[in-house]
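Only this structure's heavy atoms are used, side chains among them; waters, hydrogens and symmetry mates stay out.
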Amino acid sequence: QLQLVESGGGLVQPGGSLELSCAASGTEDFYAIGWFRQAPGKEREGVGCISSRGDGINVADSVKGRFTITRDNAENTAYLQIKSLKPEDTAVYYCAAANEYYTGATYCPQGISQYDYWGRGTQVTVSS
């Protein structure tokens, strides 16, 4: 059973940077990883994803240029780097996994319903 654990969240001042990690364990399969966030009172939204082999990456238009997604399969970890943080980036950030068997090696799905496994999230708060 695949398990995902996010880390790296915290309190950051506007304009600062963070790197969130998503560590996967419990399987030898390959998975595409999606990053999502949910702000208080709002629906969960996708911010981007990366294919199982790392060569297919999508970043939401709303955060493009500030959010970068990478992965290190040797470490079974995916990363979400965020720069120029804004108060509206405050949210719980989640990573999720979709099996490569269904997505292919070079594609990552962008819809919430296409992901089977979810981490518990890490809180990011942007405030001065």
How long is the gap from CG on L80 to SG on C95, to the nearest 0.5 Å? 9.5 Å
Do F36 and I82 share a hydrophobic cluster (ILVMFWY, side-chain heavy atoms under 4.5 Å, transitive)? no
Is any side-chain heavy atom of Q3 closer than 4.5 Å to one of T27? no
Check E6 with R120, please: is the shortest side-chain N to carboxylate O separation under 4.0 Å? no
Roughly how far, to the nearest 0.5 Å, is OH of Y115 from CH2 of W35? 11.5 Å
Side-chain donor-acceptor contact under 3.5 Å, Q81 with T68: no
Taking every heavy atom of V63 against every heavy atom of V47, the minimum-distance pair comes out as CG2-O, 3.7 Å
Which pair of heavy atoms, one from L20 and one from G9, lies closest together, and at what distance? CD2-N, 3.6 Å
For I33 and A78, which heavy atoms make the closest approach, and how far apart are they? CG2-CB, 3.9 Å
Is W118 linked to L4 within one hydrophobic cluster, defined over Ile, Leu, Val, Met, Phe, Trp and Tyr using a side-chain heavy-atom separation of less than 4.5 Å? no
Would you indicate whether the side-chain heavy atoms of R37 and E45 approach each other to under 4.5 Å? yes
For V59 and I57, what are the C-alpha separation, side-chain angles and deciding distance, and is it a side-chain contact (heavy atoms from CB on, under 4.5 Å)? CA-CA 7 Å; V59 178; I57 300 172; 4.2 Å; yes
More than 12 foreign heavy atoms under 6.0 Å from CD of E43: is that the case here? no
Nearest heavy-atom neighbours spanning Y94 and G119: CD2-O, 3.5 Å
Could you label the plane-to-plane angle of the Y117 and Y31 rings as parallel, tilted or perpendicular, counting under 30° as parallel and over 60° as perpendicular? perpendicular
Taking atom SG of C22 and atom CD1 of I50, what is their separation to the nearest 0.5 Å? 11.0 Å
Using a strict threshold of under 4.0 Å (side-chain N to carboxylate O), is an ion pair present between K86 and D89? no
Hey, does the side chain of T77 reach the backbone of E75 with a donor-acceptor pair shorter than 3.5 angstrom? yes
So, the side chain of T122 versus the backbone of S7: is there a donor-acceptor pair under 3.5 Å, distance only? no
Are V92 and I112 linked, directly or through other ILVMFWY residues, by side chains that come within less than 4.5 angstrom of each other? yes
Aromatic ring pairing F67/Y93, orientation class (parallel under 30°, perpendicular over 60°, tilted between): tilted
Output for pair (N76 CG, S25 OG), nearest 0.5 Å, gives 8.0 Å
Please round to the nearest 0.5 Å and tell me the distance separating atom OG of S51 and atom OH of Y107. 11.0 Å
So which atom in E100 and which in A105 form the shortest heavy-atom distance, rounded to 0.1 Å? OE2-CB, 3.6 Å
After noting the C-alpha distance and the side-chain angles of D29 and Y101, does the key distance pass the side-chain contact (heavy atoms from CB on, under 4.5 Å) rule? CA-CA 9 Å; D29 292 342; Y101 179 84; over 6 Å; no
Can you check side-chain contact (heavy atoms from CB on, under 4.5 Å) on C108 and N58, steps first, answer last? CA-CA 8 Å; C108 63; N58 288 298; 3.6 Å; yes
Crowding at CZ, R53 (>12 non-hydrogen neighbours, <6.0 Å): yes
Kindly indicate, with the supporting measurements, whether the criterion side-chain contact (heavy atoms from CB on, under 4.5 Å) is fulfilled by R71 and N73. CA-CA 6 Å; R71 69 187 297 159; N73 282 349; 2.7 Å; yes
Taking all non-hydrogen atoms of both residues into account, name the closest pair between P14 and S128 and its distance. CD-N, 3.7 Å
Any donor-acceptor N or O pair under 3.5 Å, side chains N99, T103: no
P109 side chain reached by Y102 side chain, heavy atoms, under 4.5 Å: no
